[in-house]
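What you are looking at is a predicted structure, and each value in this text was computed from that prediction instead of being measured. Reminder, nothing fancy here: chain letters follow the sequence lines and each chain counts from 1.
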There are 2 protein chains.
Amino acid sequence: MAKRSSSSMEVLLGMLTIESMSGYDLGQAVRDSIGHFWNESYGQIYPNLKKLAAGGFVTGKTEKQKGKPDRQIYSITKKGRERLAAWLKVEPQPEIPRNELLLKLFFAVQADPEDIYGFVEQMARSESVTLEKINGLDGEIAKLDRYPDAPYWKMALRFGQLELEAHQRWAAETLGELKKLNSRQRTASPARKEPRHGNN
Amino acid sequence: MAKRSSSSMEVLLGMLTIESMSGYDLGQAVRDSIGHFWNESYGQIYPNLKKLAAGGFVTGKTEKQKGKPDRQIYSITKKGRERLAAWLKVEPQPEIPRNELLLKLFFAVQADPEDIYGFVEQMARSESVTLEKINGLDGEIAKLDRYPDAPYWKMALRFGQLELEAHQRWAAETLGELKKLNSRQRTASPARKEPRHGNN
DNA sequence: AAATGCATGTAACGCGTTACATGATTTT
DNA sequence: AAAATCATGTAACGCGTTACATGCATTT
């Protein structure tokens, strides 16, 4: 058995406690509000909603629209809430890490220094965009303090802020180190085009 | 097609540039030296080594041992180095995030406050262990400065340090918030056993 | 006596992504 | 005229985990 329970259904249930939504809406909601720590593809969302409906955890109502295709609006049921509550009692599994950037950095002696430098730069740039997005969400949550969820949303957001700020500091520090290392390497062994390693 | 290239073979190649090893050794090396940002299971390592050998990226030599089972020692070939170099030129993909703790925190209104508090505490404790392990590695790398890789290894390690420190700060802050929130809730609505939501 | 470590491997299984399909409307 | 958005869905495919198998040696 390769059971990994995996919470893909429970995110949907959780989101539906906030508001009844269609599968399409759920995709957006996940991306826009918890995208910095969770993702869910439509290839997962639609089949899972069907399974949840078949199990009585959600109910769906068809909503007609003019011009646009019909929407299936899903609502969580009592049974769905119970399932969510049960899942919330289970200790969360730490995520198994797979950071490709760090992997390539770890093997960087085998690489072109310029490439590695570019990777770190690129990561810093793209994460700073994410950070700004998160900071934007912060302001939005502040306006939503009628929701009892708001304080928790803020804590989850805060995680992203602190983590990404740490990443930014690391990137700045690392880019400096890489620069020093590259210039030292260049002066130490000048005009070395092909790395010589005596293997096979 | 669901191609995700996935670097599982390249980690092995990368590790073999440091030293020739068996599959078993590779499993340990991954866990012990890059375990904080990468993981690889034996169910992946052994078949991948066979594939790499079949493609001429590594070569294996059987090593007899007394009492213990034979070891297959793998070495990277010229072709293997080329493959690694090619992979190192490709921009690393940002990891898709899946943080169960934050997910449960996000839906914490639906949960028992004590459970959530415990989850954050538990995460902080287990990550502080990881942090100590990383700090231990730091000292070991310092002794390995004959390796040209050492500076890069340090940068990868530093990432883990800064990130985990940020997590620790977040956890401390969040536990404080949760405590405040829980006491406020208890005084606001006393003796509420069943949450009343008008859904199905 | 039982459990853990060494060492290599295979098989089952499911999770998740990507690609594709459809078709109308709105934006560029 | 082309591309993107809305909206729902299915099928293919592979990655990765878990479990299982084997068997000897050492540790508890």
Side-chain angles (χ1 to χ4, degrees), chain A residues 1-12 20-32 35 37-54 58 60-74 87 93-100 103, chain B residues 1-12 20-32 35 37-54 58 60-74 87 93-100 103:
Chain A
M1 244 172 277
K3 269 268 181 63
R4 190 59 327 194
S5 74
S6 103
S7 332
S8 304
M9 307 236 195
E10 281 75 18
V11 211
L12 304 178
S20 292
M21 281 182 271
S22 69
Y24 189 80
D25 293 338
L26 281 163
Q28 312 232 67
V30 168
R31 177 165 46 76
D32 297 341
F37 63 82
W38 200 266
N39 81 307
E40 213 59 57
S41 65
Y42 287 114
Q44 198 85 349
I45 292 172
Y46 285 115
N48 280 338
L49 278 173
K50 292 221 156 170
K51 281 181 214 164
L52 286 171
V58 301
K61 263 164 241 158
T62 307
E63 196 186 85
K64 304 257 172 209
Q65 291 189 131
K66 11 109 215 212
K68 288 180 196 168
D70 291 359
R71 289 159 51 85
Q72 269 293 322
I73 306 290
Y74 291 94
W87 170 78
Q93 293 304 110
E95 66 182 322
I96 50 128
R98 277 194 149 209
N99 189 323
E100 266 200 359
L103 195 59
Chain B
M1 244 172 278
K3 270 268 181 59
R4 193 57 326 188
S5 76
S6 100
S7 329
S8 304
M9 309 236 193
E10 281 75 17
V11 212
L12 304 178
S20 292
M21 282 181 268
S22 69
Y24 189 80
D25 293 338
L26 281 163
Q28 312 232 65
V30 168
R31 178 165 46 76
D32 296 341
F37 62 83
W38 201 269
N39 81 308
E40 213 61 56
S41 65
Y42 287 115
Q44 197 86 351
I45 292 172
Y46 286 116
N48 280 337
L49 278 173
K50 292 221 155 170
K51 282 182 213 164
L52 286 171
V58 300
K61 264 165 239 156
T62 306
E63 198 186 84
K64 305 257 174 210
Q65 293 189 128
K66 11 110 214 204
K68 289 179 199 170
D70 291 359
R71 288 158 51 84
Q72 268 294 320
I73 306 291
Y74 290 95
W87 170 78
Q93 293 304 111
E95 65 182 321
I96 50 129
R98 279 198 146 203
N99 190 321
E100 265 199 359
L103 195 60

Check: A:Ser7 and A:Glu40 side chains under 4.5 Å, non-hydrogen atoms: no
Considering only side-chain heavy atoms of [X], which listed nucleotide, [options], is closest?
{"X": "B:Ser41", "options": "D:dT10, D:dT17, D:dT8", "value": "D:dT17"}
{"X": "A:Gln28", "options": "D:dC6, D:dG9, C:dA7", "value": "D:dC6"}
{"X": "A:Tyr46", "options": "D:dG9, D:dC15, D:dC6", "value": "D:dG9"}
{"X": "A:Lys50", "options": "C:dG9, D:dG9, C:dC6", "value": "D:dG9"}
{"X": "A:Ser6", "options": "C:dG16, D:dC6, D:dG16", "value": "C:dG16"}
{"X": "A:Tyr24", "options": "D:dG9, D:dC6, C:dA7", "value": "D:dC6"}

Return yes if a side-chain donor-acceptor contact under 3.5 Å exists between A:Gln72 and A:Ser22, otherwise no. no
Rounded to whole angstroms, how far apart are [atom1] on [X] and [atom2] on [N]?
{"X": "A:Gln72", "N": "D:dT10", "atom1": "CD", "atom2": "P", "answer": "12 Å"}
{"X": "A:Asn48", "N": "D:dT8", "atom1": "CG", "atom2": "P", "answer": "15 Å"}
{"X": "B:Arg71", "N": "D:dC24", "atom1": "CZ", "atom2": "P", "answer": "19 Å"}
{"X": "A:Tyr42", "N": "C:dC20", "atom1": "OH", "atom2": "C1'", "answer": "17 Å"}
{"X": "B:Lys51", "N": "D:dG14", "atom1": "NZ", "atom2": "C1'", "answer": "9 Å"}
{"X": "A:Leu49", "N": "D:dT10", "atom1": "CG", "atom2": "C1'", "answer": "15 Å"}
{"X": "B:Ile73", "N": "C:dT8", "atom1": "CD1", "atom2": "P", "answer": "7 Å"}
{"X": "A:Gln93", "N": "D:dG16", "atom1": "CD", "atom2": "P", "answer": "19 Å"}

Rounded to the nearest 0.5 Å, what's the gap from [atom1] on [X] to [atom2] on [Y]? Could you check?
{"X": "B:Lys64", "Y": "B:Arg71", "atom1": "NZ", "atom2": "CZ", "result": "14.0 Å"}
{"X": "B:Ile73", "Y": "B:Lys61", "atom1": "CD1", "atom2": "NZ", "result": "9.5 Å"}
{"X": "B:Glu95", "Y": "A:Asn39", "atom1": "CD", "atom2": "CG", "result": "11.0 Å"}

Is there a side-chain contact between [X] and the phosphate of [N], meaning an N or O under 4.0 Å from OP1 or OP2?
{"X": "B:Arg98", "N": "C:dG16", "result": "yes"}
{"X": "B:Gln44", "N": "D:dC15", "result": "no"}
{"X": "B:Ser8", "N": "D:dC15", "result": "no"}

With sugar-phosphate meaning primed atoms plus P, OP1 and OP2, does A:Asn39 contact a base, only sugar-phosphate, or nothing at under 4.0 Å between heavy atoms? sugar-phosphate
Indicate, with a heavy-atom threshold strictly under 4.0 Å, whether B:Gly23 touches base, sugar-phosphate, or nothing. sugar-phosphate
Nearest-nucleotide wise, let me know which of B:Gly43 and B:Ile96 is further upstream toward the 5' end of DNA chain C. B:Gly43
